[in-house]
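For the numbers below, each heavy atom of this structure counts, side chains included, while hydrogens, waters and symmetry mates do not. Here the structure is a predicted model, which is why all the values come from computation and not from measurement.
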Amino acid sequence: MNARFQRLMVIGLATILVSTACIPKATPSAADQLATNIAIGVPIALTRTAEAPTPKPSATPTQTAIPATVTPTSKPIQPPTVINFAPCWFGPGPGYNLESNIEQGAQVQLVGVGSLPGWYIIINPYFYQRCWIQAANLSIDPRMDLSQIPLMTPIPLRTPKP
């Protein structure tokens, strides 16, 4: 090889090494940091917004006669079922992030009644996290005692600062 070609090759390699070594580390934008903080805080906030159910005073136990023949009770209470393909949000409505969509016919676990009328909090059957679903998208057995389900308040939406 001739000397001129070798010098060009060395200069080219040196330029590549120097240019890649001087790249500064990327710093996350304020929006990325805020989104990360929100994502970390959502599960914590969801567990802290549920009101504890108030204990009901127990009645004084009385003795009752048990009938000789026991008739079978009606069928067990059915779990809530999604009646339409429905979105499930991290809060009540599209102002919050979408957790996922839930297929029609999926049975779900009801864990809360929303403080906003027309909303329930369920356990997402796909990701096993709490999410908010509209009451119009659920079929709830009328025998289910909703007074035993805690009332839950959504975390407030944050408005960006200018």
Side-chain angles (χ1 to χ4, degrees), residues 1-55 76-141 144-162:
M1 279 199 213
N2 71 26
R4 185 173 181 203
F5 180 73
Q6 287 179 344
R7 275 188 245 134
L8 285 174
M9 186 72 105
V10 169
I11 291 171
L13 286 174
T15 303
I16 291 172
L17 287 174
V18 169
S19 67
T20 58
C22 297
I23 296 175
K25 291 183 180 178
T27 56
S29 68
D32 289 341
Q33 189 62 42
L34 178 63
T36 300
N37 290 341
I38 290 172
I40 291 170
V42 165
I44 295 168
L46 287 175
T47 59
R48 292 186 181 169
T49 57
E51 292 180 7
T54 56
I77 295 174
Q78 296 297 314
T81 305
V82 176
I83 56 175
N84 300 315
F85 182 78
C88 205
W89 309 91
F90 282 113
Y96 291 85
N97 288 336
L98 179 67
E99 163 72 5
S100 73
N101 288 307
I102 301 181
E103 296 288 331
Q104 179 179 356
Q107 291 186 341
V108 295
Q109 178 184 354
L110 187 64
V111 294
V113 176
S115 60
L116 296 170
W119 290 92
Y120 291 106
I121 297 87
I122 62 170
I123 298 294
N124 185 322
Y126 309 118
F127 299 112
Y128 305 105
Q129 293 198 35
R130 294 178 184 192
C131 61
W132 291 65
I133 190 167
Q134 282 187 310
N137 294 322
L138 280 182
S139 170
I140 297 177
D141 192 327
M144 182 177 274
D145 185 8
L146 295 178
S147 67
Q148 299 298 314
I149 308 292
L151 181 69
M152 300 180 83
T153 304
I155 58 173
L157 282 172
R158 295 185 184 174
T159 54
K161 294 181 180 180

Query - Close side-chain approach of I133 and V108, heavy atoms under 4.5 Å - result: no

Query raised in the report: Atom CD in Q129, atom CD1 in I121: separation rounded to 0.5 Å?
Result: 14.5 Å

Query raised in the report: Looking only at heavy atoms, what is the nearest atom pair of L151 and G114, with distance?
Result: CD1-O, 3.5 Å

Requested in this report: Might you point out which heavy atoms bring W119 and G93 nearest each other, and give the distance in Å?
Outcome: CH2-N, 3.3 Å

Query - Heavy-atom check, side chain of R130 versus side chain of I122, under 4.5 Å - result: no

For residues 77-86, tabulate all N or O donor-acceptor pairs below 3.5 Å that involve a side-chain atom, not counting sequence neighbours.
from	atom 1	to	atom 2	distance (Å)
Q78	NE2	P76	O	3.4
T81	OG1	P79	O	3.3
N84	ND2	N137	OD1	3.4

Report task. State which residues pass side-chain contact (heavy atoms from CB on, under 4.5 Å) with N97; sequence neighbours excluded, sorted by chain then number. Result -> F90

Requested in this report: Work out which heavy atom in E99 is nearest to a heavy atom in F127; give both atom names and the distance.
Outcome: OE2-CB, 3.3 Å

**Report entry** Minimum heavy-atom distance G95-L157, with the two atoms named
**Finding:** O-CD2, 3.2 Å

**Report entry** Interatomic spacing from CG in L13 to CG in L8 - rounded to 0.5 Å
**Finding:** 11.0 Å

Query - Exercise: identify the closest heavy-atom pair between Y120 and L110 - result: CB-CD1, 3.5 Å

Query raised in the report: At what distance, to the nearest 0.5 angstrom, does OG of S100 lie from CG of N124?
Result: 3.5 Å

Query raised in the report: What are the two closest non-hydrogen atoms of M144 and I140, and how far apart are they?
Result: SD-CG2, 3.9 Å

Query raised in the report: Rounded to the nearest 0.5 Å, what separation is found between the OH atom of Y96 and the SG atom of C131?
Result: 14.0 Å

